[in-house]
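Throughout, a chain's letter reflects where its sequence line sits, starting with A, and its residues are numbered from 1.
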Amino acid sequence: MTEEELIHKAARGDQEAFAQLLELHQSKVYGLTLRLVGNPEDAMELTQETFFNAWRGLPGFHGDSKFSTWLYRLASNVSIDFLRREKRHRAAAATALSLDEEPDRVAPVPDRRFTPQGELERKELRLAIERGLGQLSDEHRQVLVLREFNGLSYAEIAQVLGVEEGTVKSRISRARLALRKILLADGNFSIPTAST
Amino acid sequence: MNCEEIWELLSASLDGELSPDQEALLTAHLDQCPECRALREELLGIHQACGELAPAVPADLKERVMANLPARKVKGKVVYWKRWGALAAALILVALAAWRLPHGLLQGPEPSPAEDSARTSVTMSLKRADREDGEEADDAGEAETMGAVMPDTLPKASLKAARKSDAEEAVPAADEPASSLPTSGAYQIPRSSSASPAYGDDLDGQPESAAIFVGGSMSYAAEPAYCGVLTLSDFVPDKDYPAEEPFPGGVRYTLPAADFQALVKTLGRNADLRLTGPDIDLGAPWGLVVVINGER
């Protein structure tokens, strides 16, 4: 059954079809909420909330965007709402370190480019990035997570955030430079040539 | 191009989002700028490391979502509203009377300077356009107190100001029919209306009128703010709300915040409640209920 068929059935109340959609998208939705709020417990709650909202909103989903993009928007909304409500984004994101410790359970990630580096060095960098993400502004973290972890194109991110593609482009650039600066300050990122 | 301008291209190149022209521009710059070349290596390293990060999904996520999945149909009958019915009906009559009086049913005497001054004070404090007829100051005051502010008297100048901060634009509305209204034009919804005057007192101190602008010519920033947007597939309000607006595929109700919160509370966690987006102001005195027809 195609995703479109599943969506159609789920919109008419077919829970089994919705379960299949959930299975297809849960890792990305969970990953997005986790990166945005910073701890697995809240991410679990927000992922559930996202899918509740999706279930409720499916009859109103008319395919103007991709289903995944629509889901990410719901997830992004509940996460940012959560962060604002709780006013805890700084503290929460700092606890996001233990997320990639089980690579055998890791869901496939698009754009997985790879360069030969020492495993230790890569792991250190990954941990530093996890910490660095927590120190970014919500705005920068949101756009970077959607790009790097959810693999969305600039056009799709623009749809999720409701901004122009040009804004996405410049915001991602600023977010990367901000993350780089944090990594440099953190001392976990060796740089051959300083350029800022 | 200087280095700072190049950085954006550099970032976009990692994502494969450059046009051939931009790619050529970037390559030309990198050929003669060792610092940007170094920066490219660093950003590429971060980009690649990000690609290796993926969280383990909790094993019971699907189970937990499905176990708590609410039934699609939600009956939105709210017993809470019934308590207000009798009071609302009584106040409707008073408010209507207050409104009709100055419009010809009973023409009062010319107001004294003192009365005129009082009237001006009342109307200005409520940001309402002054009426040029011979209404009684007391009538005007009473009408205002009851919340019988008619749509055509609401000044556009008091519309909510643009809220265009980046933080807010970063949280878009969900993909729901609430954002797709059928026709072009501008609608204004009274802050409180003669049909729900019981809530007039709750709205004191709320300076903005609510307005819905439909169509491409109006600025998005001029749209109303709601304290929340609730999406339901089935909902039958116990009383007629004046702002009921059909749209393709459903109906919208604008509820006073108190009613809205009561409805949300009744639905509990089953509620499909949106509390973020450019159209949301948690302090707004109105909530929007979007009822989507189950059958498409």
Counting neighbours of [atom1] on [X] that are heavy atoms of other residues, nucleotides or ligands and sit closer than 6.0 Å, is the number greater than 12?
| X | atom1 | value |
| --- | --- | --- |
| E63(B) | CD | no |
| E164(A) | CD | no |
| E4(B) | CD | no |
| E41(A) | CD | no |
| Q32(B) | CD | yes |

Answer yes or no: is there a side-chain heavy-atom contact under 4.5 Å between [X] and [Y]?
| X | Y | result |
| --- | --- | --- |
| T231(B) | R56(A) | no |
| D15(B) | R176(A) | yes |
| I280(B) | D81(A) | no |

For a quick test of reading the model, state the closest non-hydrogen atom pair linking [X] to [Y] and the distance between them.
| X | Y | result |
| --- | --- | --- |
| L61(B) | Y30(A) | CD1-CD1, 3.9 Å |
| D60(B) | M44(A) | OD1-CE, 3.4 Å |
| A49(B) | L125(A) | CB-CD2, 3.6 Å |
| W7(B) | L177(A) | CE3-CD1, 3.6 Å |
| I129(A) | I46(B) | CD1-O, 3.8 Å |
| I172(A) | S11(B) | CG2-OG, 3.6 Å |

Got a second to check how far [X]'s [atom1] is from [Y]'s [atom2], nearest 0.5 Å?
| X | Y | atom1 | atom2 | value |
| --- | --- | --- | --- | --- |
| Q48(B) | R126(A) | CD | CZ | 12.5 Å |
| R180(A) | L43(B) | CZ | CG | 7.0 Å |
| R274(B) | L74(A) | CZ | CG | 10.0 Å |
| M66(B) | Q48(A) | CE | CD | 12.0 Å |
| N68(B) | F52(A) | CG | CZ | 4.5 Å |
| Q20(A) | K62(B) | CD | NZ | 7.5 Å |

Q: Against chain B, label T69(A) side chain, backbone, both or neither, depending on which of its atoms sit under 4.5 Å from a heavy atom there.
A: neither
**Q.** K169(A)/E17(B) salt bridge by N-O under 4.0 Å criterion
**A.**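 Salt bridge: no.
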Q: Give a yes or no on whether a salt bridge exists between E45(A) and R64(B), defined as a side-chain N under 4.0 angstrom from a carboxylate O.
A: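 Yes, E45(A) and R64(B) are salt-bridged.
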**Q.** Test log, rule side-chain contact (heavy atoms from CB on, under 4.5 Å), inputs R84(A) and L275(B)
**A.** CA-CA 10 Å; R84(A) 284 182 180 163; L275(B) 294 173; over 6 Å; no
